[in-house]
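Report on the following structure.
We number each residue from 1, following the sequence as shown.
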Amino acid sequence: QVQLVESGGGLVQAGGSLRLSCAASTRTFSWFGMGWFRQAPGKEREFVAAFTRSGNNTLFADSVKGQFTISRNNAKNTVYLQMNSLKPEDTAVYYCAFGAPSNYYFSSEYDYWGPGTQVTVSA
């Protein structure tokens, strides 16, 4: 099993930055692909970014390209989401997810999820 815990969320003004972390309790950390998703109240969970299992590929939703970056530190069993130029529409609970997805954009493809961390961006 894999247990994930997100951290780094909080309240920030529009234009500010936050760095989210996801710590994993697994000895096979490097085996997994991972994704970042977010969900605002009353809305569907949406894809944000992913780090693929093979190669060093990263994927981003069109809405955050050039705004967010993603990284992974296998030695620390931690993945990161750097969020810059934040906007009120970025307000959501952010989740990290691990698995071996065939399609990194679909939340149903992932096996393990963290409890989420709240990000609130004020106007």
Compare every heavy atom of [Y] with every heavy atom of [X], then report the nearest pair and how far apart it is.
{"X": "G99", "Y": "R53", "answer": "O-CD, 4.0 Å"}
{"X": "M34", "Y": "C96", "answer": "CE-CB, 4.3 Å"}
{"X": "A40", "Y": "A92", "answer": "N-CB, 3.9 Å"}
{"X": "E109", "Y": "S102", "answer": "OE1-N, 2.9 Å"}

Same cluster or not: [X] versus [Y], using hydrophobic residues (I, L, V, M, F, W, Y) connected whenever any side-chain heavy atoms lie under 4.5 Å apart?
{"X": "Y112", "Y": "Y94", "answer": "yes"}
{"X": "I70", "Y": "F68", "answer": "yes"}
{"X": "F51", "Y": "L4", "answer": "yes"}

With ILVMFWY side chains joined below 4.5 Å, transitively, what does L59's cluster contain besides itself?
F37, F47, V93, Y95, Y104, Y105, F106, Y110, W113
Do [X] side-chain atoms and [Y] backbone N/O form a donor-acceptor pair below 3.5 Å?
{"X": "N73", "Y": "V79", "answer": "no"}
{"X": "T117", "Y": "G9", "answer": "yes"}
{"X": "T91", "Y": "E89", "answer": "no"}

Non-hydrogen side-chain atoms of V48 and L81 separated by less than 4.5 Å
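Counting from C-beta outward, V48 and L81 do come under 4.5 Å.
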Side chains of Q67 and D90 in contact at under 4.5 Å (non-hydrogen atoms):
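Yes, at least one pair of side-chain atoms sits under 4.5 Å.
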At what distance, to the nearest 0.5 angstrom, does CZ of R38 lie from CE of M83?
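One gets 8.5 Å once the value is rounded to the nearest 0.5 Å.
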Mind checking the CD-OG spacing from E44 to S107? Nearest 0.5 Å is all I need.
8.5 Å
So does D62 pair up with K65, basic N to acidic O under 4.0 Å?
yes
Yes or no on ring-ring contact (aromatic ring centres under 6.0 Å, His included) for F98 and F32, after CA distance, side-chain angles and deciding distance?
CA-CA 6 Å; F98 277 38; F32 292 96; 5.7 Å; yes
Can you sort out the partners of N74 under side chain to side chain contact (heavy atoms under 4.5 Å, CB included), two or more places apart, ordered by chain and number?
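With neighbours one apart ignored, the set is F29, S30, R72.
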Side chains of residues 12-25: which donor-acceptor partners sit under 3.5 Å, not counting sequence neighbours?
unit_1: S17; atom_1: OG; unit_2: N84; atom_2: OD1; d: 3.0
unit_1: S25; atom_1: OG; unit_2: Q3; atom_2: N; d: 3.3
unit_1: S25; atom_1: OG; unit_2: Q3; atom_2: O; d: 3.3

